[in-house]
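Heads up: numbering here begins at 1 and tracks the sequence. Each ligand, and each atom within it, is numbered from 1 in the order the structure gives. Side-chain atoms are counted along with the backbone in the values below, which use heavy atoms only and exclude waters and symmetry mates.
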Amino acid sequence: MTTTPTAARATAVAARAMDLSKVYGEGETQVVALDRVTVDFRQGEFTAIMGPSGSGKSTLMHCVAGLDTFSGGSVRIGETELGSLKDKQLTQLRRDKIGFIFQAFNLLPTLTALENITLPMDIAGRKPDQQWLQLVIDMVGLSGRLGHRPTQLSGGQQQRVAVARALASRPEIIFGDEPTGNLDSRSGAEVLGFLRNSVRELGQTVVMVTHDPVAASYADRVVFLADGRIVDEMIAPTADGVLDRMKEFDAKGRTS
Ligand SMILES: Nc1ncnc2c1ncn2[C@@H]1O[C@H](COP(=O)(O)OP(=O)(O)OP(=O)(O)O)[C@@H](O)[C@H]1O
Ligand SMILES: [Mg+2]
């Protein structure tokens with residue numbers, strides 16, 4: 001394992017959006033989902049993206065993660081400009097450098113937990129680092145469940161499989177779109193704890209879209225979106241602080 005000096009880690013950018021715009025549709029039905037968004041996601045940092053429904057959170061995540069095309073501006077993952085990539089290269093980049101966790105766990109029902117965890121690497125023809133894999137499996141507490149299929153697991157356990165799957169290949173960055181949206185608060189807290197630990201202890205970079213101020217409080221930083229623009233940022237957030245900030249936006253929204 002290589003160690004990066006703290007100072008270098010603190011400034012290195014895992015992903016960056018510059019003047020990123022995304023417009024859906026044309027003419028009267030046109031929707032500007034992202035309006036020149038500029039944001040950095042630094043290495044080894046846990047960022048939460050918050051904002052009202054329809055503010056562009058998922059669109060931002062999908063564009064930065066190479067899951068969707070954008071209308072203007074640029075996106076960088078590490079040193080790679082996504083705009084310069086052909087479809088095949090983009091698929092490869094997603095596979096090799098990015099981990100995903102979705103609200104619906106997106107596990108394959110015919111595969112065991114372990115097979116689901118290693119599937120992306122199997123597809124890529126890469127051998128998992130066994131020591132790392134064991135560490136990840138232990139961290140999410142799945143050692144006794146590796147032979148189970150998704151239907152034999154609880155929702156919380158299924159999402160732990162998805163977390164382990166995202167971490168298994170040590171991607172440069174993990175994106176989660178409401179990863180705790182389908183979980184009860186206890187399972188949600190567990191999953192958030194694993195994400196938090198993966199950042200603190202394993203140096204992972206995580207970007208998570210969430211509606212929940214408590215979930216956001218696990219992050220190092222919260223970025224607030226409204227109407228496709230970044231309107232605020234909070235470092236070392238607390239749940240109460242995030243909740244207060246969201247109420248302010250609501251109040252402004254009603255008076256403007
Ligand atoms: N495929 C699409 N076609 C047209 N408009 C879209 C499409 N996807 C999203 N939009 C619009 O873009 C805007 C941003 O949507 P987005 O899904 O990013 O919001 P969000 O912040 O993730 O909301 P939520 O919290 O409800 O998930 C919304 O106005 C939405 O209606
Ligand atoms: Mg969304």
Side-chain angles (χ1 to χ4, degrees), residues 15-41 46-75 77 82-83 87 90-91 94 98-106 155 158-159 162-163 166 173-185 188 191-192 195 206-219 221-234 237 239 242-254 256:
R16 165 175 288 165
M18 285 267 285
D19 275 335
L20 184 66
S21 293
K22 173 74 179 180
V23 180
Y24 288 110
E26 286 174 9
E28 300 228 318
T29 60
Q30 196 179 65
V31 175
V32 180
L34 293 177
D35 187 4
R36 284 173 295 155
V37 169
T38 296
V39 64
D40 279 354
F41 300 113
F46 186 177
T47 307
I49 300 175
M50 296 198 82
S53 183
S55 57
K57 303 182 295 295
S58 295
T59 307
L60 175 62
M61 201 202 92
H62 288 165
C63 289
V64 175
L67 289 169
D68 203 351
T69 58
F70 40 93
S71 317
S74 64
V75 172
I77 297 282
L82 297 197
D87 277 357
L90 193 59
T91 306
R94 274 200 309 265
I98 303 179
F100 293 100
I101 307 167
F102 296 100
Q103 184 171 354
F105 320 126
N106 290 4
Q158 290 185 54
Q159 195 62 315
V163 170
I173 187 163
I174 290 178
F175 290 99
D177 196 350
E178 309 210 27
T180 56
N182 275 338
L183 302 180
D184 63 43
S185 57
V191 164
L192 290 162
L195 290 175
V206 176
V207 178
M208 166 183 79
V209 170
T210 182
H211 273 116
D212 176 7
V214 174
S217 72
Y218 283 77
R221 175 172 77 129
V222 183
V223 169
F224 294 93
L225 272 180
D227 294 328
R229 297 201 189 112
I230 292 192
V231 290
D232 208 351
E233 187 182 16
M234 197 184 268
V242 171
L243 195 61
D244 285 346
R245 196 66 62 95
M246 281 164 60
K247 282 184 193 150
E248 282 170 35
F249 296 143
D250 284 349
K252 270 187 212 152
R254 275 199 294 276
S256 65

Exercise for review: Starting from atom 28 (C) of ligand 1, find the nearest protein heavy-atom neighbour and note its residue, name and distance.
Suggested key: Gly54 O, 3.7 Å
Practice item. For Ser55, take its heavy atoms, then give the atoms of ligand 1 lying under 4.0 Å from any of them. Key: 19 (O), 21 (O)
Exercise for review: Determine, counting only non-hydrogen atoms of the protein, whether one lies under 4.0 angstrom from atom 6 (C) of ligand 1.
Suggested key: yes
Exercise for review: Give a yes or no on whether Asp227 atom CG has more than 12 heavy-atom contacts from other residues, nucleotides or ligands under 6.0 Å away.
Suggested key: no
Review point. Who's the nearest protein heavy-atom neighbour of atom 1 (N) of ligand 1, and how far?
Key: Tyr24 CE2, 3.6 Å
**Study point:** Leu195 versus Pro179, closest heavy-atom pair with distance
**Key:** CD1-CG, 4.5 Å
Review point. Among the heavy atoms of Gly25, does any lie under 4.0 Å from an atom of ligand 1?
Key: no
**Study point:** Ion pair Arg16/Asp40, N-O distance below 4.0 Å
**Key:** yes
Point to revise | Selected option - heavy-atom contact closest to atom 18 (O) of ligand 1, from Thr59, Leu225, Thr29, Asp68 | key: Thr59
Check your understanding: Can you tell me if an N/O/S atom from Thr59 lies under 2.8 Å from the Mg ion (ligand 2)?
Key -> no
Check your understanding: Rounded to the nearest 0.5 Å, how far apart are NZ of Lys22 and CG of Leu34?
Key -> 8.5 Å
Check your understanding: So is His211 close enough to ligand 1, meaning a heavy atom under 4.0 angstrom away?
Key -> yes
**Study point:** Identity of the nearest option to atom 27 (O) of ligand 1, non-hydrogen atoms only, from Ala226, Ser58, Gly51
**Key:** Ser58
Review point. Counting heavy atoms not belonging to Glu26, are there more than 12 under 6.0 Å from its CD?
Key: no
Exercise for review: Give yes or no for whether the N/O distance cutoff of 3.5 Å, strictly under, is met between Val31 and ligand 1.
Suggested key: no
Review point. Does Gln30 use its side chain to pair, donor to acceptor, with the backbone of Val23 at less than 3.5 Å?
Key: no
Review point. In the protein, what heavy atom is nearest to atom 25 (O) of ligand 1, and what distance, to one decimal place, separates them?
Key: Lys57 NZ, 2.7 Å
Check your understanding: In terms of ring plane angle, is the pair Phe175 and Phe41 parallel, tilted or perpendicular, where the classes change at 30° and 60°?
Key -> perpendicular
Review point. For atom CZ of Arg229, is the number of surrounding heavy atoms from other residues, nucleotides or ligands below 6.0 Å larger than 12?
Key: no
Study note, to complete from the structure: Ranked by distance from atom 26 (O) of ligand 1, the top protein heavy atom is Ser53 OG, 2.6 Å
Practice item. Nearest 0.5 Å please: distance from the CG atom of Leu225 over to the CG atom of Leu60. Key: 5.5 Å
Check your understanding: Does ligand 1 have any atom sitting under 4.0 Å from a heavy atom of Pro52?
Key -> yes
Review point. By number and element, which atoms of ligand 1 are closer than 4.0 Å to a non-hydrogen atom of Ala33?
Key: 12 (O), 13 (C), 14 (C)
